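The chains referred to below are lettered A, B, ... by the order of the sequence lines, with proteins before strands, and numbering in each begins at 1. This structure is a prediction, so every number in the text was calculated from the model and none was measured.
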Amino acid sequence: MAELRYAEALNQALDEEMARDEGVILLGEDIGNYGGVFRVTKDLQEKYGKSRVRDTPISEQVIAGMAIGASMMGMKPVAEIMFADFLPLVIDALVNQASMMNYSWAGQVTIPFVLRTQGGAGAGAAAQHSKSLEAMVTHIPGIKVVMPTTPADAKGLLKSAIRDPNPVVFLEHKMLYNTKGEVPDGEHLVPIGKAKVVREGDDVTIVATSRMAILAEEAAELLAKDGISCEVIDPRTLRPLDVETIVASVEKTHRAIVVNEAWRFGGYGAEVAATIAEMAFDWLDAPVGRIGIHDLAIPFAKPLEAAAIPDAGRIAEAVRETLA
Amino acid sequence: MAKAAKTNRPTLDELKEMYVKMVVTRRMEEGLFPEHRAGNIRGPIHTCNGQEASAIGATAVLRKDDLVSTTHRGHGHMIGKGVPARGILAEIYGRETGLCRGRAGHMLMADLENGLLGTSAIVGGGPPYAVGQALAFQCQGSDRVAMSCFGDGAAQNGMVHEAMNVAGLWKLPVVFLCEHNMYGLTVPSSSQSPIADISDRAAGYDMPGVKVDGNDVVAVYQAAAEAVARARRGDGPTLLETKTYRMVGFSTTDIGGYQPEEEIAAWAKRDPIKRLREILGKDLKPKELDAMDAEAQGIVDDAYEFAKTSPETPLDDLYVPEYAEVEAAHG
Ligand SMILES: Cc1ncc(C[n+]2csc(CCOP(=O)(O)OP(=O)(O)O)c2C)c(N)n1
Ligand SMILES: [Mg+2]
């Protein structure tokens, strides 16, 4: 065990997988000599060479497209798209190419690449560099979507993603890169498709993704002072979703809130809320609550941005409403 | 590749105006770094330090009703197009008096009145809509021109190719200004493109490709004047490439280390402001030049004062209607 930053944990995962499997190559902007704008690929070009760690031109469509082509020929590309806000540029590669190949071509090829990116607000980066666009990728069949919150999960899930025979979109959060946590050394694999109960409780289930899972824990702390007991679940994998863990929790608590930093309308939180309503209807004592970022382009000015992003207070308030 | 013609020499008054605008841009941007370090402004800040001749020279030939669209590195284009420094800085400070009420921030500003439409920090995202603006001008039978500014890095993006192809195909009134500052973020352009001159690609879009010294404001002005005149006549687009250099890091988040010291030193000798000062020195006395520096400084000081003392954008700005009024949209 070592205390690592989230970015360092990801770096360790890449390092270990590159050492383990020569097929693992990295593609992306500024990932080589510079080590990535968020330092995730630091020193890897020096260690593994320019052939395996490639700085690409600013050409997102071909970054994703190349990852697909190389993966079907036996490589294990890990492509970096610098901001989740640029996912719209690679969506054709994902939705029209990668997602159909294994199924439509009747299993002749697998497409085992990982597409890493990062999203989230809070850095004053405004409307084009702050979004959470997970719904765009969780909508696509055949693609797994992973979203780790802690450094340990970041490492364990990235290693699993690289070994997975399917396309995996790996969603990081810019405000988490500097957060620290204990990370197991060496072979630490977190299974894709398994949620984590971060905190046990009896009165309400809070399903929260990425940075929101941390805020949900803070909200749970606040509420505990008033005798309200929250169970906090971090799905970690958005697709395939670990429905079982979530439903089991709601059967116990009878109430649920979903917290996801994305826009609410048509958002990922809606999918989770609908799943709970469908699978645990008989156990629910209140409608499933849903919290997301303010439904407009993310504003720049600090007070506006801060008010747009969900915080622990808003989560706690939603829990109180659901209990009222 | 066509050589920039030696016609269209800027007048002394135009040179003076460009000088003041270049100094305003430089001083305004220099002020941003300490303010960012002090935490008074936030988000990544990108400056065009060293590239002012390209930005100011190219926009100097535009009319007020022409449009310019730019990138994260757009302060020079804004000042050049006549956008007030007050509105720019107030936006960067996130104030209600900013060009976009503090909603857009440094990377995404727009100012319809002065023809800044707009700024996009999605690399390569601007040229497609600039081509659409030019399409509108063509449909409307107008002689307005859209100038689309982007970097050497953006030139590698598919959206930029698509935009140039359509513009060349339909002879749209657009000027593509590729500011080649030798880097796309931290990666040298030699690692991003197999060719050194982006303007060489113009042949593939059937438009003139013009390469100029981007640190020579007169050369930029002349080449831009010709490109804009061509677009205004209805003869179609031009790909104008200005060879320049970014003297400071990519942005306030840059940890540096990838721009060789010798390279920086060599380009420092070609500082565009110093060069224009020398040209002006042939016609003006040192006192007159100093007065222009003072004028520029005055504009910048006033704009900082304005921005810092302006009220913050109220939270009400979050609770505005999501859509434009249907009636209003139909006129
Ligand atoms: C589509 C997209 N990809 C990547 C980025 C990240 N990024 C911002 S600026 C930049 C470099 C742009 O280089 P260039 O076009 O040469 O402009 P310069 O910064 O040199 O003015 C990159 C990679 C982005 N904002 N948008
Ligand atoms: Mg550049």
Side-chain angles (χ1 to χ4, degrees), chain A residues 28-39 42 45 50 54-65 81-83 85-90 92-93 121-131 174 177 263 265 293-309, chain B residues 41-45 72 91-96 98 100-109 119-125 151-161 184-189 191-194 250-251 253-258 312-322:
Chain A
E29 296 160 15
D30 304 271
I31 64 166
N33 179 39
Y34 194 68
V37 294
F38 296 102
R39 321 304 296 145
K42 187 169 177 282
Q45 187 178 66
K50 285 190 169 173
R54 293 186 186 231
D55 278 320
T56 63
I58 307 169
S59 308
E60 283 77 13
Q61 303 184 56
V62 80
I63 293 172
I81 297 296
M82 202 183 286
F83 283 75
D85 307 71
F86 315 155
L87 280 175
L89 297 178
V90 305
D92 178 72
Q128 293 179 342
H129 286 74
S130 305
K131 293 191 288 296
K174 61 175 71 60
Y177 283 126
W263 289 313
F265 194 96
I293 202 161
H294 194 72
D295 248 334
L296 279 176
I298 296 171
F300 166 75
K302 190 173 186 173
L304 296 186
E305 187 194 26
I309 310 170
Chain B
I41 52 178
R42 59 202 295 266
I45 299 281
H72 54 286
E91 187 63 30
I92 295 174
Y93 277 79
R95 302 302 160 107
E96 191 177 14
C100 304
R101 300 183 55 80
R103 295 180 190 175
H106 137 77
M107 290 192 282
L108 310 177
M109 283 182 241
T119 311
S120 174
I122 298 297
V123 171
D152 51 293
Q156 317 319 334
N157 197 287
M159 293 184 282
V160 178
H161 290 282
L185 227 162
T186 69
V187 179
S189 55
S191 301
Q192 300 210 26
S193 169
F250 167 75
S251 78
T253 60
D254 195 337
I255 56 173
Y258 56 87
E312 285 196 336
T313 310
L315 282 184
D316 291 350
D317 270 48
L318 274 182
Y319 307 101
V320 297
E322 181 181 345

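For a residue to count as touching a neighbouring chain, one of its non-hydrogen atoms must lie under 4.5 Å from one of that chain's; by this rule A:Ala308 touches chain B with backbone and side chain alike. Residue contact with chain A, scored on non-hydrogen atoms closer than 4.5 Å, involves the backbone and the side chain of B:Val187 alike. Using a 4.5 Å cut-off between heavy atoms, B:Ala121 contacts chain A through both its backbone and its side chain. Contacts of A:Asn33 with chain B are made by side-chain atoms alone, with heavy-atom separations under 4.5 Å and no backbone atom involved. In this structure, chain B has a heavy atom under 4.5 Å from the side chain of A:Leu89, while its backbone stays farther away. Contact of B:Ile41 with chain A is not made at all, since no heavy-atom distance falls under 4.5 Å. If you measure heavy-atom distances from A:Val62 to chain B, you find no contacts under 4.5 Å at all. With a 4.5 angstrom heavy-atom cutoff, B:Leu108 touches chain A only via side-chain atoms.
Taking every heavy atom of both residues into account, A:Pro57 and B:Gln156 meet most closely at CB-CB, 3.7 Å. Nearest heavy atom pair, residue A:Ile58 against residue B:Ala154, reads CD1-N, 4.4 Å. Closest heavy-atom contact between A:Leu304 and B:Leu318: O-CD1, 3.8 Å.
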Item to complete: With side chain to side chain contact (heavy atoms under 4.5 Å, CB included) as the test, would you mind laying out the steps for B:Arg42 and A:Glu305 before giving the verdict?
Response: CA-CA 12 Å; B:Arg42 59 202 295 266; A:Glu305 187 194 26; 2.9 Å; yes

Worksheet item: Between A:Arg39 and B:Ile255, does a side chain to side chain contact (heavy atoms under 4.5 Å, CB included) hold up when you go through it step by step?
Response: CA-CA 11 Å; A:Arg39 321 304 296 145; B:Ile255 56 173; 3.5 Å; yes

Item to complete: Begin from the C-alpha positions of B:Met107 and A:Gln128 and carry the test side chain to side chain contact (heavy atoms under 4.5 Å, CB included) through to its verdict.
Response: CA-CA 9 Å; B:Met107 290 192 282; A:Gln128 293 179 342; 5.9 Å; no

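The candidate with the highest count of non-hydrogen atom pairs below 4.5 Å against chain A, out of B:Cys100, B:Ser193, B:Gly153, is B:Gly153. By number of non-hydrogen pairs under 4.5 angstrom with chain A, the leading residue of B:Ala155, B:Gly124, B:Gly102, B:Ser189 is B:Gly102. In terms of heavy-atom pairs under 4.5 Å with chain A, the best-connected choice from B:Val123, B:Ile92, B:Ile122 is B:Ile122. No other option in B:Ser191, B:Ala104, B:Gly158, B:Gly184 has as many heavy-atom pairs under 4.5 Å with chain A as B:Ala104.
Taken from CE in B:Met159 to CD in A:Glu60, the straight-line distance is 7.0 Å, to the nearest 0.5 Å. In this structure, CD on A:Glu29 lies 7.5 Å from CD on B:Gln192, to the nearest 0.5 angstrom. One distance of note links NZ of A:Lys302 with OG1 of B:Thr313; it measures 14.0 Å at 0.5 Å rounding.
With sequence neighbours excluded, the residues satisfying side-chain contact (heavy atoms from CB on, under 4.5 Å) with B:Ser251 are B:Pro44, B:His46, B:Thr253. When the ring pair (Phe, Tyr, Trp, His ring centres under 6.0 Å) test is applied to B:Tyr258, the partners found at least two apart in sequence or on another chain are A:Tyr34, B:Tyr183.
Two rings, from A:Phe300 and B:His106, have their centers 6.0 Å or more apart.
Within a 6.0 Å sphere centred on NZ of A:Lys174, other residues, nucleotides and ligands contribute more than 12 heavy atoms.
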